[in-house]
Trainee: 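Here it is: the structure, laid out below.
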2 protein chains.
Amino acid sequence: MRELPDTGDDGAPTRRRSERSHRAIVTATQELLVERGYRALTIEGVAARAGVGKQTIYRWWPSRAALVLEAYLAGSDEVVRPRTRTSTCADVRALLDWLVAVLTQPIGGRVLAGLVSDLKDDTELAERFQRDVVPARRQAMLAALERGRERGEIRADADLELAVDALHGAVFYRLLLSGAPLDAAFTKRLASQVLLGLSSGFVPIGD
Amino acid sequence: MRELPDTGDDGAPTRRRSERSHRAIVTATQELLVERGYRALTIEGVAARAGVGKQTIYRWWPSRAALVLEAYLAGSDEVVRPRTRTSTCADVRALLDWLVAVLTQPIGGRVLAGLVSDLKDDTELAERFQRDVVPARRQAMLAALERGRERGEIRADADLELAVDALHGAVFYRLLLSGAPLDAAFTKRLASQVLLGLSSGFVPIGD
DNA sequence: ATAACAAAACGAGACGTCTCGTCTCGTGAT
DNA sequence: ATCACGAGACGAGACGTCTCGTTTTGTTAT
């Protein structure tokens, strides 16, 4: 969110920021998001929970959404990314299951919905979100599809970016809009059906 | 959103609701949504613009989101649904273009993003949205795919609901999350690539 | 190396503003 | 005579800014 105050800046006298307060604020934000959700989260509430002055928050974060984004990302690293690499379909399924796991964490869906609504009114936040967060989420899936193409399982002229749009889009669509379940049966059929469209010929879809 | 007060109810003495105020409120909501967006919309602002007391709004709508939903849906009927029925791929493309047109109306994307965030905190709204709005949007696309299956262009065992998840999901994903463009090239490739996955054999994808 | 100093960030909270949702009025329509 | 209406007062609560002392931290002088 912001550069750390001490670590190896070039000569310039680094601003001195209390790392204790920083951590307390992020932790309090995560707790309050889980307990009460995005809408009910207030700066004053975070300050009180963290034992911190309001100004300390306003000094380091430009908006409530920026704070929530940092707290959200800091809590999203707990689910480890799969590294199966058996078949393309299995890889895609595993990555979809991973995405679902990340999004259905207690902090996940509600917070993402709140952030999404703020993207439309906060240009700076939208830029960072679409430059950093979105591509990071897509990268692993795109790599798996490219491996499949190198192995010849996927047509050379297939549009893999578009495939990621469809795969991830279906997941987010269910999470944010339709409310349909995000279970293993869903990710399994989604992976196999989309991959069939990308396949270079008849490739048996396992399991 | 609520039954109209006067028109042809069965005998029961309908409460007398001012249709003039009703329309003024919905119109003012639409205008303010276009001018200032979802976040900046306040009940007090709507009341002032509509020349109406706040209580009149609180009397007839349970929440800000419910009012926005009504205003949004009332303004979404202006884009007419296509009725091409030439080939399945052309139908799907036309329906995707229609969806994009509806969502990129001035009132569209910003409002939808705001509503989405409220679904997570407003159970009643979420129920109505997922029972009425979402299926209505999916219906036409599903019908087009079923016609394709009857014609034999689509495999009998294809999961068409899942295909709608992927098609609509990709559109909403770009609109709400990635910010990637929603242009004709996108809908064209999306339609052809997804349909290829559903196809029963080699079906030439026309321009 | 230690002490003294200045600068910046800190916790706390007062302040005026805004919107909330509820509540009363008096008015006008049926 | 009833009831929705426009208007707006009301207390609650969060906003973002600001001003207090206080504590921390980096720099300078001894």
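This one's a predicted model, so the numbers in the text were calculated from it and none came from an experiment. By convention in this document, chain letters (A, B, ...) are assigned in the order of the sequence lines, proteins followed by strands, and residues within each chain are numbered from 1. Both backbone and side-chain heavy atoms feed into the values below; hydrogens, waters and symmetry mates do not.
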Trainee: Regarding B:Arg147 and B:Glu153, does a basic nitrogen lie under 4.0 Å from an acidic carboxylate oxygen?
Mentor: no
Trainee: Counting neighbours of CZ on A:Arg85 that are heavy atoms of other residues, nucleotides or ligands and sit closer than 6.0 Å, is the number greater than 12?
Mentor: no
Trainee: Can you tell me if B:Asp118 uses its side chain to pair, donor with acceptor, with the backbone of B:Ala65 under 3.5 Å?
Mentor: no
Trainee: Reading nucleotides 10-23 of chain C from the 5' end, what letters show protein touch, with B for base, S for backbone sugar-phosphate only, - for no heavy atom under 4.0 Å?
Mentor: BSB-B----SBBBB
Trainee: Do A:Arg17's NZ or CZ and the ring of A:Trp61 fall within the cation-pi criteria of under 6.0 Å and 45°?
Mentor: yes
Trainee: With heavy-atom distances below 4.5 Å as the criterion, would you say the side chains of B:Arg149 and B:Leu145 are in contact?
Mentor: no
